*Asks:* 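I'd like to ask you about the structure that follows.
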Amino acid sequence: MKINGVKGMNDILPAQVGRWQEIERMAREVFALHGYREVRTPVVEPYALYARGVGETTDIVNKEMYVFEDKGEDKLALRPEGTAGTVRAYIEHGAHVEGPQKWFYIGPMFRRERPQKGRYRQFHQIGVEAFGIAEPAIDVEQIAMLADLFRRLGVAPVVHVNSVGDAACRPAYLEELRGWLRARGEVLCADCRERTEKNPLRVLDCKVPSCQPVLAEAPRLLERLCDGCRTHFDAVRQGLDDLSVPYQVNPRLVRGLDYYVRTAYEFTSDALGSQSAVAGGGRYDGLVETLGGPPTPGIGFGMGEERLALMLEAAGRPVPESRPAVFFVSADEAGRREGLQRATELRRAGIACDLDARGGKLARQFKQAERVGARYALVLGANEAASGQAKLKDMVTREETPVALADLASRLGTGPA
RNA sequence: GUGAGUGUAGCUCAAUCGGUAGAGCACUGGACUGUGGAUCCGGGGGUCGUGGGUUCGAACCCCAUCACUCACCCCA
């Protein structure tokens, strides 16, 4: 009986793993350059963390979370996003006493949705969170940092920014919008009428053609921001201009999680199918307090690794792979023993090398050398073992040059080629 | 949760009107007993997703079911 993997949870095979490693290595490098430190939190958290933090009415919590009972004691959940757990850890360890904290995380998240292009039940996110900084400068820094990360990876998704207001201005706006939408119920699609009650902001980016002209006239939150939000948003835009980071103001940009206030932003690409967002983030000034910590401003983003990998692939970026510098080919038993010995020496010297442990015909061993992408091949037999002299064969040009086995390490340099 | 499309070899796919399953790539052996990629010849590999039905006969038609993909919802 063949057993298959769980729907929406994918294997990342060796041929593709280099893509993930490159993304993660680059992210770690860029984050370190900006003063962010890695945090690792569990994949499982109390269900209540998400119910309270992300919001009980969000789709993520009420229909997409993997929830289970731990031997009938506690209600637990597989994490659907990274912010809540990070905030929980921040509070639990009293990190606020040491001033602002800039953290990042990398790891799997879980949402039980129908899989499609760029969306999976287990997916991987790279995220950052900055705690204790209310100033717009940190919003700017994060957006610029992400843009820089993308640039280094050879892609350039478009940045959309918006302000979703805060407790001072959003509630009043939502009521105004809801009233406005109800008055136009007959001309809107069924989905829009439902969303008017559930999540009126969502109505604004309805894609149904007949809704578009109507919605273009809807009251705009950006024009009704309170002074604090207005000033903050202007400063974010000014900061992005100062750094020459290109962006688009998108008044219809909405975030799916309840905790966002003020700045909301999203990087999108048309290489991703209908799930166009590769990264999304925003400010969550009330979240730390909601989860039992001291009043602490916060802002962060989450980036989808699968989606970023899709973009790199679409951009034609090759998958980096490590290759052995030399592949030992054995002609006989003496050569096999010699090869294993030399390989061990080189490996201890930090030089990647390989051999076909099966031995066998030379042709097969050469084929193996080619398959693993070796730079050079070196045939060893009784003659070479006795003389200490061999021929180093360039796998591309096929040229052979004499080499003393004792000099191999210095000839091949150090580290994997 | 809803809708559509697709299921044939490890991968990508073909098979006319319903007539009993094939190609390329990959793998493997040989041509070539100390030298890989090209060429030639050979080999292994299939419950045609699964179950049922129609038929003398089903990869093909019908029903059911499962899986995958894409889209909706929503989001990374």
Side-chain angles (χ1 to χ4, degrees), chain A residues 1-2 4-8 10 13 15 23 54 57-64 79-83 106-127 146 157 189-192 194-195 198-199 201-202 205-208 253-257 265-269 272-282 300-311 327-332 334-335 356 360-374 376-384 390-400:
Chain A
M1 183 75 179
K2 190 171 82 167
N4 290 107
V6 176
K7 182 204 290 284
N10 303 313
L13 297 174
I23 289 170
V54 177
T57 61
T58 60
D59 281 2
I60 289 180
V61 171
N62 79 57
K63 61 182 226 199
E64 296 172 2
R79 63 181 183 192
E81 57 94 52
T83 300
I106 296 177
M109 307 293 163
F110 304 85
R111 293 183 199 171
R112 200 181 179 292
E113 303 176 86
R114 267 301 256 283
Q116 68 187 67
K117 188 179 177 73
R119 183 169 65 196
Y120 310 100
R121 290 186 172 182
Q122 172 172 335
F123 61 104
H124 298 80
Q125 265 190 5
I126 298 179
L146 253 184
C189 68
D191 279 346
C192 281
E194 195 185 325
R195 280 184 292 224
K198 266 173 53 186
N199 191 348
L201 284 178
R202 284 263 162 239
D205 58 1
C206 178
K207 289 150 201 141
V208 175
L253 174 62
V254 183
R255 309 264 62 231
L257 288 54
Y265 59 95
E266 203 165 274
F267 284 69
T268 65
S269 161
L272 297 174
S274 91
Q275 306 305 320
S276 60
V278 64
F301 64 74
M303 179 175 75
E305 282 195 82
E306 282 81 0
R307 292 185 184 177
L308 182 50
L310 235 34
M311 286 177 63
F327 194 97
F328 291 100
V329 174
S330 59
D332 51 34
D356 190 337
K361 300 170 88 81
L362 293 192
R364 188 175 75 178
Q365 295 185 57
F366 268 97
K367 200 157 192 186
Q368 185 66 13
E370 190 191 346
R371 235 192 312 249
V372 302
Y376 299 100
L378 194 89
V379 178
L380 292 175
N383 296 343
E384 288 83 359
K391 283 178 289 188
L392 191 62
K393 179 169 184 171
D394 187 304
M395 287 296 286
V396 176
T397 67
R398 298 185 167 205
E399 281 168 15
E400 293 188 315

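Throughout, a chain's letter reflects where its sequence line sits, starting with A, and its residues are numbered from 1. Remember, it's a predicted structure, so these values are computed and weren't measured experimentally. The figures that follow rest on heavy atoms only: side chains count, while hydrogens, waters and symmetry mates do not.
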*Asks:* Listing time: all N or O pairs from protein to nucleotides 24-30 of chain B that are below 3.5 Å?
*Replies:*
unit_1	atom_1	unit_2	atom_2	d
B:C27	OP1	A:R371	NH1	2.6
B:G30	OP1	A:K361	NZ	3.0

*Asks:* Using the C1' atom as the point on both nucleotides, what is the distance between B:A67 and B:C56, in whole Å?
*Replies:* 34 Å

*Asks:* Applying a 3.5 angstrom cut-off to the pairing atoms, does RNA chain B sit in any stems of at least three consecutive Watson-Crick or G-U pairs? List them by first number.
*Replies:*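 If one scans RNA chain B for consecutive Watson-Crick or G-U pairs, the stems found are B:1-7 with B:66-72, B:10-13 with B:22-25, B:27-31 with B:39-43, B:49-53 with B:61-65.
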
*Asks:* So, is A:Q368 near the phosphate of B:G36, with a side-chain N or O under 4.0 Å from OP1 or OP2?
*Replies:* no

*Asks:* Would you call A:Y376 and A:D394 a side-chain contact if the rule is heavy atoms closer than 4.5 Å?
*Replies:*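 With C-beta onward as the side chain, the pair touches.
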
*Asks:* Atom CD of A:E399 to atom P of B:G36: distance rounded to whole Å?
*Replies:* 17 Å

*Asks:* Using a heavy-atom cut-off of under 4.0 Å over every strand shown, decide if A:A279 touches base, sugar-phosphate, or nothing.
*Replies:*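 If one applies the 4.0 Å heavy-atom cut-off, A:A279 turns out to touch the sugar-phosphate alone, with no base involved.
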
*Asks:* With sequence neighbours excluded, what pairs up with A:R371 under the side-chain hydrogen bond (donor to acceptor under 3.5 Å, both in side chains) test?
*Replies:* A:Q368

*Asks:* Going by side-chain hydrogen bond (donor to acceptor under 3.5 Å, both in side chains), name the residues that satisfy it together with A:S274, two or more places apart in sequence or in a different chain.
*Replies:*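 In terms of side-chain hydrogen bond (donor to acceptor under 3.5 Å, both in side chains), with neighbours along the sequence ignored, A:S274 is linked to A:Q116.
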
*Asks:* Assign A:Y120 to base, sugar-phosphate, or nothing according to its heavy-atom contacts below 4.0 angstrom with the strands shown.
*Replies:* base

*Asks:* Output all residues satisfying side-chain hydrogen bond (donor to acceptor under 3.5 Å, both in side chains) with A:E305, sequence neighbours left out; order by chain, then residue number.
*Replies:*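 Expected list: none.
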
*Asks:* Rounding to a whole Å, what distance do you find between A:F123:CZ and B:A76:P?
*Replies:* 7 Å

*Asks:* Take the protein atom CZ of A:R121 and the nucleotide atom P of B:U69, then report the distance between them rounded to whole Å.
*Replies:* 11 Å

*Asks:* For A:E384, enumerate each residue passing the salt bridge (Lys or Arg N to Asp or Glu O under 4.0 Å) test, keeping only those at least two apart in sequence or located in another chain.
*Replies:* none

*Asks:* Between B:G19 and B:U65, how far apart are the two C1' atoms, rounded to whole Å?
*Replies:*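 Going atom to atom, C1' in each nucleotide, I get 28 Å.
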
*Asks:* Output all residues satisfying side-chain hydrogen bond (donor to acceptor under 3.5 Å, both in side chains) with A:E306, sequence neighbours left out; order by chain, then residue number.
*Replies:*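 A:H124.
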
*Asks:* Do you know the tightest heavy-atom contact between A:Y265 and A:L253?
*Replies:* CA-CD2, 3.7 Å

*Asks:* By side chain to side chain contact (heavy atoms under 4.5 Å, CB included), which residues pair with A:N383, not counting sequence neighbours?
*Replies:* none

*Asks:* Between C1' on B:C74 and CD1 on A:I60, what's the gap in Å once rounded to a whole number?
*Replies:* 8 Å

*Asks:* Please confirm whether the backbone N or O of A:P108 pairs with a side-chain atom of A:Q122, one donor and one acceptor, at under 3.5 Å?
*Replies:* no

*Asks:* Take atom CZ of A:F267 and atom P of B:A76, then tell me their distance rounded to the nearest Å.
*Replies:* 14 Å

*Asks:* Between atom CD1 in A:I106 and atom C1' in B:A76, what is the gap in whole Å?
*Replies:* 14 Å

*Asks:* Does a side-chain heavy-atom distance below 4.5 Å link A:M303 with A:F267?
*Replies:*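 Heavy-atom side-chain distance check fails, nothing below 4.5 Å.
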
*Asks:* What's the separation between atom CE in A:M109 and atom CD in A:E81, rounded to the nearest 0.5 Å?
*Replies:*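 Reported to 0.5 Å precision, the distance equals 7.5 Å.
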
*Asks:* C1' atom, B:C13 versus B:C48: distance in rounded Å?
*Replies:*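 One C1' to the other, the span is 13 Å.
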
*Asks:* Considering just the side-chain nitrogens and oxygens of A:S274, establish if one lies under 4.0 Å of OP1 or OP2 belonging to B:C72.
*Replies:*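 It does, given that an N or O in the side chain of A:S274 lies less than 4.0 Å from OP1 or OP2 of B:C72.
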
*Asks:* Distance check needed: B:G36 P versus A:L378 CG, whole Å only.
*Replies:*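 Interatomic distance, CG of A:L378 to P of B:G36: 16 Å.
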
*Asks:* Rounded to whole angstroms, how far apart are CG on A:D332 and P on B:U33?
*Replies:*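 These atoms are roughly 16 Å apart.
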
*Asks:* Run the salt bridge (Lys or Arg N to Asp or Glu O under 4.0 Å) test against A:K63 and tell me which residues pass, sequence neighbours left out.
*Replies:*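 For A:K63, the residues satisfying salt bridge (Lys or Arg N to Asp or Glu O under 4.0 Å) (neighbours in sequence not counted) are A:D59.
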
*Asks:* Taking the P atom of each, how far is B:G22 from B:U55, in whole Å?
*Replies:*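 Per the computed distance, 28 Å lies between those P atoms.
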
*Asks:* Using only modelled atom types and a 3.5 angstrom limit, is any donor from either the side chain of A:N383 or the base of B:G34 paired with an acceptor on the other?
*Replies:*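 Between B:G34 and A:N383, which were checked side chain against base, a qualifying N/O pair under 3.5 Å is present.
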
*Asks:* Only one of A:N62, A:T83, A:V61 clears side-chain contact (heavy atoms from CB on, under 4.5 Å) with A:V54; which?
*Replies:* A:V61

*Asks:* Between B:A26 and B:U12, how far apart are the P atoms? Round to whole Å, please.
*Replies:*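 These two P atoms come out 15 Å apart once rounded.
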
*Asks:* Is any side-chain heavy atom of A:F366 less than 4.5 Å from a side-chain heavy atom of A:K393?
*Replies:*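 The answer is yes, as the side chains (C-beta and beyond) meet within the 4.5 Å cut-off.
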
*Asks:* Quantified in whole Å, what is the C1' atom distance between nucleotide B:G1 and nucleotide B:C17?
*Replies:*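 Roughly 42 Å separates the two C1' atoms.
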
*Asks:* Which part of the nucleic acid, if any, lies within contact of A:Q122, taking any heavy atom under 4.0 Å across all strands shown: a base, the sugar-phosphate backbone alone, or nothing?
*Replies:*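 Nothing: the residue A:Q122, judged by heavy atoms under 4.0 Å, touches no strand.
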
*Asks:* Regarding B:U35, can its base be found pairing with the side chain of A:Q365 as donor and acceptor, where the two atoms are less than 3.5 Å apart?
*Replies:*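 No pair found.
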
*Asks:* So what does A:E400 touch, heavy atoms closer than 4.0 Å: a base, only the sugar-phosphate, or nothing?
*Replies:* base

*Asks:* Between A:G118 and A:K391, who's closer to the 5' end of RNA chain B by nearest nucleotide?
*Replies:* A:K391

*Asks:* I want to check something: taking the side chain as every heavy atom from C-beta on, are A:S276 and A:R307 in contact at a cut-off of under 4.5 Å?
*Replies:*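 Sidechains of A:R307 and A:S276: no contact.
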
*Asks:* With P as the reference atom in both, quote the distance from B:U28 to B:A38 in angstrom, rounded to an integer.
*Replies:* 14 Å

*Asks:* Contact class for A:V379 (heavy atom, under 4.0 Å): base, sugar-phosphate, or nothing?
*Replies:* base

*Asks:* Could you please name the option among B:C74, B:A76, B:A71 that lies closest to any side-chain atom of A:D59?
*Replies:*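 Out of B:C74, B:A76, B:A71, the nucleotide with an atom closest to A:D59's side chain is B:C74.
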
*Asks:* Identify the pairs formed between an N or O of the protein and an N or O of nucleotides 1-6 of chain B at a distance under 3.5 Å, and give each distance.
*Replies:*
unit_1	atom_1	unit_2	atom_2	d
B:U2	O4	A:R114	NH1	2.9
B:U2	O4	A:R114	NH2	3.4
B:G3	O6	A:R114	NH2	3.3

*Asks:* In whole Å, what separates the P atom of B:U54 from that of B:G7?
*Replies:* 25 Å

*Asks:* Between A:D332 (side chain only) and A:A382 (backbone N and O only), is there a donor and an acceptor less than 3.5 Å apart?
*Replies:*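 Confirmed, A:D332 side chain pairs with A:A382 backbone.
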
*Asks:* So which protein N/O to nucleotides 64-68 of chain B N/O distances come out below 3.5 Å?
*Replies:*
unit_1	atom_1	unit_2	atom_2	d
B:C68	OP2	A:K7	NZ	2.7

*Asks:* Give A:M109 one of three labels, base, sugar-phosphate or nothing, depending on what nucleic acid heavy atoms sit under 4.0 Å from its own.
*Replies:*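 No contact at all - A:M109 keeps every heavy atom at 4.0 Å or more from the nucleic acid.
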
*Asks:* Nearest to the side chain of A:A331, which nucleotide is it out of B:G36, B:C74, B:G34?
*Replies:* B:G34

*Asks:* Taking the side chain of A:Q116 as its heavy atoms from C-beta onward, which of B:U35, B:C73, B:C74 lies nearest to it?
*Replies:* B:C73

*Asks:* What pairs with A:R121 under salt bridge (Lys or Arg N to Asp or Glu O under 4.0 Å), at least two apart in sequence or on another chain?
*Replies:* none

